[in-house]
Amino acid sequence: MVEIRSVRKSFGSHEVLRGIDLEVRTGEVTVVLGPSGSGKSTLLRTVNHLEKVDSGRITVDGKLVGYRRSGDKLYELREREVLRQRTQIGFVFQNFHLFPHLTVLENITEAPVSALKRPRAEAVAAAHTLLERVGLAEKAGAYPGHLSGGQQQRVAIARALALEPKLLLFDEPTSALDPELVGEVLDVIKDLARQGTTMIVVTHEIGFAREAADTVVFMDEGVVVEQGPPAEVLDRPRQERTRAFLSKVL
Amino acid sequence: MVEIRSVRKSFGSHEVLRGIDLEVRTGEVTVVLGPSGSGKSTLLRTVNHLEKVDSGRITVDGKLVGYRRSGDKLYELREREVLRQRTQIGFVFQNFHLFPHLTVLENITEAPVSALKRPRAEAVAAAHTLLERVGLAEKAGAYPGHLSGGQQQRVAIARALALEPKLLLFDEPTSALDPELVGEVLDVIKDLARQGTTMIVVTHEIGFAREAADTVVFMDEGVVVEQGPPAEVLDRPRQERTRAFLSKVL
Amino acid sequence: MPPTPPAAPAPSPTGEAPAAPVLTKEAEPAPPRVVPVRRTGQWAAAAVVLLLLAMAVNSVVRNEAFQWGVVAEYFTTPAVLRGLGLTLWLTALVMALGFVLGTLLAVARMSANPVLKSVSWGYIWFFRSTPVLVQLLFWINIGALYPQLGLGIPFGPEFLTVKTVNLLGPLTVALIGLTLHEAAYAAEVVRGGLLSVDRGQTEAAQSLGLGRWRRLRRIVLPQAMRAIVPPAGNMLIGTLKGTSIVSVIAVQDLLHSVQLVYHRTYQVIPLLLVATLWYALVTTVLTAGQHYVERYYGRSERDR
Amino acid sequence: MPPTPPAAPAPSPTGEAPAAPVLTKEAEPAPPRVVPVRRTGQWAAAAVVLLLLAMAVNSVVRNEAFQWGVVAEYFTTPAVLRGLGLTLWLTALVMALGFVLGTLLAVARMSANPVLKSVSWGYIWFFRSTPVLVQLLFWINIGALYPQLGLGIPFGPEFLTVKTVNLLGPLTVALIGLTLHEAAYAAEVVRGGLLSVDRGQTEAAQSLGLGRWRRLRRIVLPQAMRAIVPPAGNMLIGTLKGTSIVSVIAVQDLLHSVQLVYHRTYQVIPLLLVATLWYALVTTVLTAGQHYVERYYGRSERDR
Amino acid sequence: GQGGQAEAGGADKPGTGAGAVSLPTEDVVSGVRKDPAAAKLLPAALRDGGEISLAAGVGSPPSSTYLDDGKTVAGLDRDVSDAAAKVLGLTVRREVAGFEAILPALGSGKYQVATGNFGVTDDRRATLDFVTYINDGQGFAVREDSTLKKVTDLTRLCGLNIATGAGTTFEVTLEENRPRCAEQGEKPYEVRTYAEQGALWGSLQQGRSDVVMSTINGLRHAVDQQPGLKFLNEYQRLDVGLAFKKGTPLAPAFQAAVDHLIEDGTYARILEKWGVTGSALKESRISPPELKS
Ligand SMILES: Nc1ncnc2c1ncn2[C@@H]1O[C@H](COP(=O)(O)OP(=O)(O)OP(=O)(O)O)[C@@H](O)[C@H]1O
Ligand SMILES: Nc1ncnc2c1ncn2[C@@H]1O[C@H](COP(=O)(O)OP(=O)(O)OP(=O)(O)O)[C@@H](O)[C@H]1O
Ligand SMILES: [Mg+2]
Ligand SMILES: [Mg+2]
């Protein structure tokens, strides 16, 4: 489903991704762990073409992200085509980026109505179902500024799910959630995986990784240090760096 | 050190704090746990007088927050006096609120220089020490927008510490941090407690609560359900609600 | 998790008074009274301000130099009302068209397309550089400058030529000239607003697959409006009064129509008062409108 | 955690070309070439724009109606330069003073103090309502309206009276009148900027104990500047040209000084061109300045 | 124009000839002597030589303009007022001011007298006092290829586009006579009033208007400066005067002073200098009734 090959990305002189190779199979949940600043968010952003890579290649569902290949040439895609690709990819940002001037309900229905051309009534019904699922049924009419941190995060998750994307990118989707809600989000993710949605989840919660992941990827300083099934990576890490990192879990 | 008595607070018709009573002793670390939307952030904000309470009373170090008592009258304080109280109280916001137009170093030195009238050189030196302590020495000149989530959170912590406050309010200070950094922040908090700083920490990480807390407070729906030493509240909760909540920890 | 369940544990026996800030302590019988910050200075200042205002109003109303009789006489004469009508009509059109064009220019200026970018830059530069008087005179005198406009191969032969005299009447010239000018300024106001919106908002909208225009119309502009409305209000009111420049090309707006009278009768002060009162009236209405527009765009913050 | 340690594992053997977007695949010998989106339309548009521009410039330069000889003759005459000097001097002072006063008004308008709030509201309302022409005439004729200003008990006896005739010279009047007017507009521009800054920023500054002015000067205003600078640039350029209103009180600005010439010689077009060229020159300099100011206030976003 | 300040009126009196600025600079004032009889008419405070503040509206030659230096005021208005003041033994403090600024300031006493080619009409006599010093009037200018014959009656203009200065007496005259076209079964004329003479003359040159109506002296000057235009004919005369606050005690003194200038020949020299001898008055009058044709 997702293939990341030799991806490099620098900000100024600082190389944040230093040759990332990663493969994510359809319907699998890949959890990315790693210390702060190791490039996890940046990697997710390149998959959604919010950052252009400096070199390397990313394909989603066999299609290059942001480019079209023909012979030995790569043609840059027009914005419209990139946007079409993006409706297939849901993104939950680390700091949510909710639309502050729209109500919770409008935040969620905006994309289905305008990007997928769903009838509004249908989108609203779907949004209410989603809100129910994340425990925010009664906040449909509230503005994001009036929500608690955890409530905002759940709206962000609902917003991404509303597009029913084939691929979901979660950047720390449970950072503001209490243990009960983490459990609920975990259920949602497992549900989605069962329905065939592919997911990449960046998280700091090892417990979450253990429960949710088919594959765990450990990144450090812009490279993938180790990857494999959670039982292997989390319990019998081969790399010294991974071991050091995991030993700090409280 | 902090005394919270019968504090109530509503937003519109929604009562978020419904009679909170809480006491925090000097040099102790109080960890507040509770589901999303239970009013934890709101409570911290009232202690810093960023929200006015509807009824009830909060004192810090024996002094009423936001009011002065004389006879049976409460005089509202002028802004200048409230600000003076606040320099004694450090606050780390749930969503950081770093100053985006100032560099990391300027974010940290701003308050010591302008509110505490420290000499700039001294403040800069202290800031560098703090940055070292949170592992961001080389980001002193960066703007917040160029930092990863975890880096931003550490700057927010450093900014609050720079005032050397007697009381520190942390709203989920480790939500964006990886396990290694959580451990480091934990060390910082223990250090501060040893030096006599009082702290109230809102968190969702039970492990963190167990390690850091002298007292654990469990809130739900605007009331304190249970409080006591971590060993009691976390391992032998008396209330059904607490038990249900803790059972979900992964 | 419903935030206000019907029967939740309430550990404190305090009475229910969430609205008024009544502070209580469990042990005490009566809660202490809250005294707001004493604002003696504030009240004194308010009194002084009101007194000064009363004096000013009094001196205006009773001052003979203002000749209120003459003011009343001319306040609703047909010529003045016609001028007012023209001013309002022109202001509305210029503002609407100017802001539509200005928004397009602002978006072009901020786009990645270098051609659009420089055309927009050039437009703004040119129309901000040239005094509006000169622009109006250019359009009205286009007959002298370009006796004929030709359609044909550039620098080559022409197929079709049009005599330009009388191509544009004064009203058309006023409308075109002011609109083109306004658009350059509106573009900058809109751009200022767009710059104030966090980039994360655009990224979020992109990641949801929203198209360029939808993003602008639905996500970025509404947030930019908080910063746009106040200077746009300035521009609207500025345009209201600025339209009087069209008198140079024989279009009679409000100010010009009173000037015509006082040039004839030399009663300068009362006739300027007529115009001023009308301007003040319209401005008041517009200011009230601005207030509601601001409230609309600030609705997500209001009860916070 | 230093982000770029000297020797880190680099699992991909790809060559180091982080600047240019060269895409590679490990198995392939040569990376495919990246072809940017074809922008045929863009280039065509650019060509058309340039051609039109060339035609316009050509027609202006070669058009006899513009009388370039006369333009050259008057371009640097002392009268024109004096007018230019006055325009620049007046613009600079009015803008600086107007924005200082305007910022205070904006802060007052947004403060919690009801007296400050309504005084500021009233000021803005009054000075936006009244045409600047009327304000200038008021000040210049203050002698006619209030033959003497008295210091004394309001509505009671006066202790000290000052004859107001000749109290204010035309230049002082121009400066006062324009500044008071400008301040009302500046206040709205600044307020728009302040509104665009997230409330969380103020709260964070409050929680750090920063005083009201420090918060404004150091935290809120610099962020507001992104939204303020473009409309402020508008105002600056508008003021530059708007100062010509002072000609009614016989202060000779740039535009008026060329008008005086063509009232004598009837060479309207070339003399207006003289003024236009000067305005364009100054505007260009100001636009460049605006660019750098914007870059300064956008520095924290620039390389993002 | 006689509508007020010259620049608002659109056009003024004829200059001495074509080409760029060649204004006469001959001194016609310094030879004037004080006339004690006239000075006696002044209020006591001014009788033995004092200062009088004068507001000058500056428009275009010949009535009032700046010299090439852009600072020195010159023209008929200046010469007449200086000479009259000299007859009265007064020194003049002259300030340039705009039309809107001058009139209210006369009322306040900021200025005691004003020049600005102020035409004396019945409307204006009700607001101010005037001391007449020249006789100008209304006339027409057209393009050289115009077929229009001498306009002796305004109905000759029916069906044409007429351009005139904003706020002038011409506009009033034209509007008053407009219905007469319809009475004669003809299409009425259109009146366009311009506040900016660039637009006014441009409209004539490009054929957007057929006739310009303005002051006789101003039209003569304007057609001299602009190729392709000609002066058509005079239509009606109007007195022009120095303006004073209503009920001023200064008026009789200035009237006597102007009469003195007429007698001693200074007046003729001034008019000759500015090429407007055809507009001479026989005697000065205080706020005479409007000349109606
Ligand atoms: N726009 C930018 N400009 C410059 N440097 C940047 C930018 N964005 C990120 N960086 C840097 O790139 C590095 C990786 O950032 P990234 O956000 O990918 O980290 P992360 O793994 O998501 O960390 P965290 O767990 O703290 O969110 C960091 O050192 C950060 O400072
Ligand atoms: N400004 C506001 N206006 C209206 N309602 C608000 C406002 N701020 C908070 N609330 C509501 O108050 C409740 C408590 O919010 P609070 O932020 O204190 O929760 P919290 O315990 O910090 O939750 P989390 O763990 O998700 O951060 C929530 O239901 C929220 O929707
Ligand atoms: Mg991240
Ligand atoms: Mg919270």
Side-chain angles (χ1 to χ4, degrees), chain A residues 44-45 47-51 78-80 82-103 106-108 110-116 134-139 142-148 150-151 154 156 159-160 162-163 165 169 171 178 180-181 184, chain C residues 1-6 8 18 107-108 110-117 190 193-230 292-304:
Chain A
L44 283 198
R45 290 168 58 86
V47 173
N48 209 4
H49 206 53
L50 288 174
E51 305 278 359
R78 280 160 200 291
E79 191 185 5
R80 199 144 26 84
V82 175
L83 288 176
R84 186 139 4 93
Q85 288 188 335
R86 286 206 187 111
T87 58
Q88 314 267 325
I89 306 177
F91 199 134
V92 179
F93 289 85
Q94 186 164 10
N95 35 8
F96 321 150
H97 290 326
L98 296 180
F99 305 130
H101 61 300
L102 300 180
T103 63
E106 289 166 338
N107 262 280
I108 297 174
E110 178 59 26
V113 170
S114 100
L116 299 185
V134 295
L136 285 177
E138 82 281 10
K139 294 283 184 191
Y143 287 103
H146 300 171
L147 297 182
S148 80
Q151 289 164 345
R154 284 176 278 160
R159 186 174 70 174
L163 280 170
L169 309 173
D171 200 352
D178 61 75
E180 288 180 317
L181 287 169
E184 284 173 29
Chain C
M1 55 227 63
T4 333
V107 171
M110 292 173 80
S111 85
N113 183 324
V115 178
L116 281 180
K117 221 168 158 153
V190 172
L194 296 181
L195 279 176
S196 76
V197 179
D198 185 53
R199 251 179 57 124
Q201 293 292 313
T202 302
E203 288 188 351
Q206 280 177 331
S207 85
L208 290 170
L210 302 189
R212 183 195 301 268
W213 289 111
R214 182 80 185 183
R215 239 149 51 205
L216 182 72
R217 216 170 51 68
R218 180 81 169 153
I219 306 299
V220 181
L221 260 188
Q223 295 183 59
M225 285 311 266
R226 305 208 70 196
I228 290 176
V229 172
Y292 286 105
V293 173
E294 281 184 24
R295 221 172 56 168
Y296 176 77
Y297 284 109
R299 67 192 182 284
S300 61
E301 296 243 7
R302 209 172 337 147
D303 45 354
R304 203 169 143 172

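Treat the numbers as computed from the prediction; the structure is a model and nothing was measured. Throughout, a chain's letter reflects where its sequence line sits, starting with A, and its residues are numbered from 1.
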Output a table of donor-acceptor pairs, distance under 3.5 Å, between side-chain atoms of residues 215-222 of chain C and any protein atom two or more places apart or on a different chain; print 'none' if there are none.
unit_1, atom_1, unit_2, atom_2, d
C:R215, NH1, A:E79, OE2, 2.9
C:R215, NH1, C:L210, O, 3.1
C:R215, NH2, A:E79, OE2, 2.8
C:R218, NE, A:E110, OE1, 2.6
C:R218, NH2, A:E110, OE1, 3.4

In terms of heavy-atom proximity below 4.5 Å to chain C, should A:R159 be classed as side chain, backbone, both, or neither?
both

Are any non-hydrogen side-chain atoms of A:F91 and C:E203 less than 4.5 angstrom apart?
no

So for A:L136, is it side chain, backbone, both, or neither that comes closer than 4.5 Å to the heavy atoms of chain C?
neither

Heavy-atom distance under 4.5 Å to chain C: side chain of A:F93, backbone, both or neither?
side chain

Kindly check if the number of other-residue, nucleotide or ligand heavy atoms within 6.0 Å of CZ (C:R214) is above 12?
yes

Evaluate the side-chain proximity of C:Y297 to A:H101: yes if any heavy-atom separation is below 4.5 Å, no if none is.
no

Shortest non-hydrogen contact from A:L50 toward C:S207:
CD1-CB, 4.5 Å

Tell me, do C:D198 and A:H97 make a side-chain contact under 4.5 Å, heavy atoms counted?
yes

Going by heavy atoms in the side chains, are C:L208 and A:L163 under 4.5 Å from each other?
yes

Of the listed A:A156, A:S114, A:A115, the one with the largest count of heavy-atom pairs under 4.5 Å with chain C is A:S114

